[in-house]
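Single-structure report; data block below.
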Amino acid sequence: LKKTFTSDVFTMPEGSEVELMAWIYTRRLHGGVVFLTIRDSKGLLQVAFKKGVSDPDSMRLGSEIETESSVKLRGVVKKDERAPGGSEIHCSFMEPIGRSIGEFPIRKGASVRFQLDHRHLHLRSPRVAAFMKAKSAFVQGVRNCLGEKGFYEIQCPTLVTAAVEGGATLFPVDYFGRTAYLTQSVQLYQEAAIFGLERVYSLQPSFRAEKSRTPRHLTEFTHLEAEVAFADLDDIMSLQEELVSLAAREVDRRCQAELRFLRKRIDTEAVEPPYPRITYTEALEIMRRRGMELDWGDDLGADEETVLSKEFEKPFFVTSYPREAKGTFYHMCDPKDPRVLRCADLLAPGGYGEIIGGGQRIHDYNQLVESIESWGLNPEDYEWYLDLRRYGSVPHSGFGLGIERTVRWLLGLRHIRDASLFPRTPTRIYP
Ligand code: 4AD
Ligand code: MG
């Protein structure tokens, strides 16, 4: 897999001979010299064609080749302060690999809608590529962190028969005449897996048929979920702090060039643990002071989270939600105050809101049956899940982190779809 990338050129001494394979980003003529900017996965590089240096056919090709054509070229590295990055290539020979058929559809100034309709082409742009590289670094950071802590990465089903997070956001699928659903969360399967593996995580898509058209909702998102046997709420809150901070620092460490290109900065101090912890009741109090009146028991929606999270500089936990606010059947009630749950959401500061939802699970069989029934659900639909409480049940806790939401916050993206390769929203399923 040997290949010279554009980025390698900047560290090469003047006079080095190189062969590059890349795409044509821009083309211009200036005083009898053809200048191409070429693009590959590592960035941009200027290439000059001059009479006497470049072979005539290559120079002609350079002066007429369409943007986004792919090419192979050879040349010599020249240091030049006027060139972006301080180096350019003086091309001796260039040949096409795949010439573009007609003009590349996406031009400067194209509307967001047009860009999204042509996402398959737009994701070549250095900007989109930079977002995806940051996301990749974040995911790598997550895997490193959990791997080091002895977690096993597992793969859970996506086709399921029952809801985890309430029936309202289930996508039904015709399963040979039966109704199945696309999963909202692999939590229940992870809870089964901990009996053999104790510490597990998954990175899989989750689906939510949420009509909400907000900058923080996708209908398909990448869900990092983890589940730990013999762990209580405090244990997984500490784990979350460490995980978020480590993965964020991995983005900072690996993506300096991309961050510079995007004119973004990871606030590495802000992601340093510990993260503040407030209760749901305290959150209501903060919002009341900001003119947002909520009744105790109301859920915190996107608007509420925006207001609340603007009050913080660091990610922060909101714990002890009332049962009726969360609407989950699996969270354990707080033994000290049974009206609230042993759960915690992690909210990103600056208006970004929830990035993690998690908590301690009910591990007692009778309590779980009672909870399922209290939500009007049928225990028979959860038969296998109840088995887990029949045979050697243990206290356990877990959480789910939305990768796109977290990347949105870290990079300060206006919309969550910018953190997705091919975003799915209520109005978009193509390309
Ligand atoms: O808070 P949620 O619904 O929690 C669960 O699904 C738990 N079963 C997870 C667990 O404990 N294993 O979702 C978890 C996270 C949210 O905090 C958010 O980051 C993300 O998933 N998320 C979404 N991201 C993008 N678009 C949506 N529609 C999302 N819904 C949830
Ligand atoms: Mg949640």
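Both counts, for ligands and for their atoms, begin at 1 and track the order of listing.
Evaluation of the salt bridge (charged side-chain N to carboxylate O under 4.0 Å, His left out) test over residues 342-362, restricted to residues two or more places apart or in two chains, returns E227-R361, K326-D345. Applying the salt bridge (charged side-chain N to carboxylate O under 4.0 Å, His left out) rule to pairs touching residues 172-197 yields E191-R389, sequence neighbours excluded.
Selection from E354, R361, Q190, R405 by nearest heavy atom to atom 11 (O) of ligand 1 gives R361. Of the candidates E225, Q184, R208, it is R208 that places a heavy atom closest to atom 6 (O) of ligand 1.
In E227, neither the side chain nor the backbone holds a heavy atom less than 4.0 Å from any atom of ligand 1. Only backbone heavy atoms of R216 (N, CA, C or O) come within less than 4.0 Å of ligand 1; its side chain stays farther off. The part of F221 lying near ligand 1 is the side chain, judged by heavy-atom distances below 4.0 Å. The side chain of I416, and not its backbone, has at least one atom closer than 4.0 Å to an atom of ligand 1 (non-hydrogen atoms only; side chain from C-beta on).
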Identify all side-chain donor-acceptor contacts of residues 192-201 below 3.5 Å with residues at least two apart in sequence or on another chain.
unit_1: R199; atom_1: NH1; unit_2: K149; atom_2: O; d: 3.4
unit_1: Y201; atom_1: OH; unit_2: E153; atom_2: OE1; d: 3.1

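Inspection of the environment of the Mg ion (ligand 2) yields the following protein N, O or S atoms under 2.8 Å: E354 OE2.
A donor-acceptor pair shorter than 3.5 Å cannot be found between the side chains of T183 and T158.
Each of R249, K133, Q140 was checked for a side-chain contact (heavy atoms from CB on, under 4.5 Å) with R254, and the lone residue meeting it is Q140.
The nearest heavy-atom contact from the protein to atom 19 (O) of ligand 1 is I355 O, 2.8 Å.
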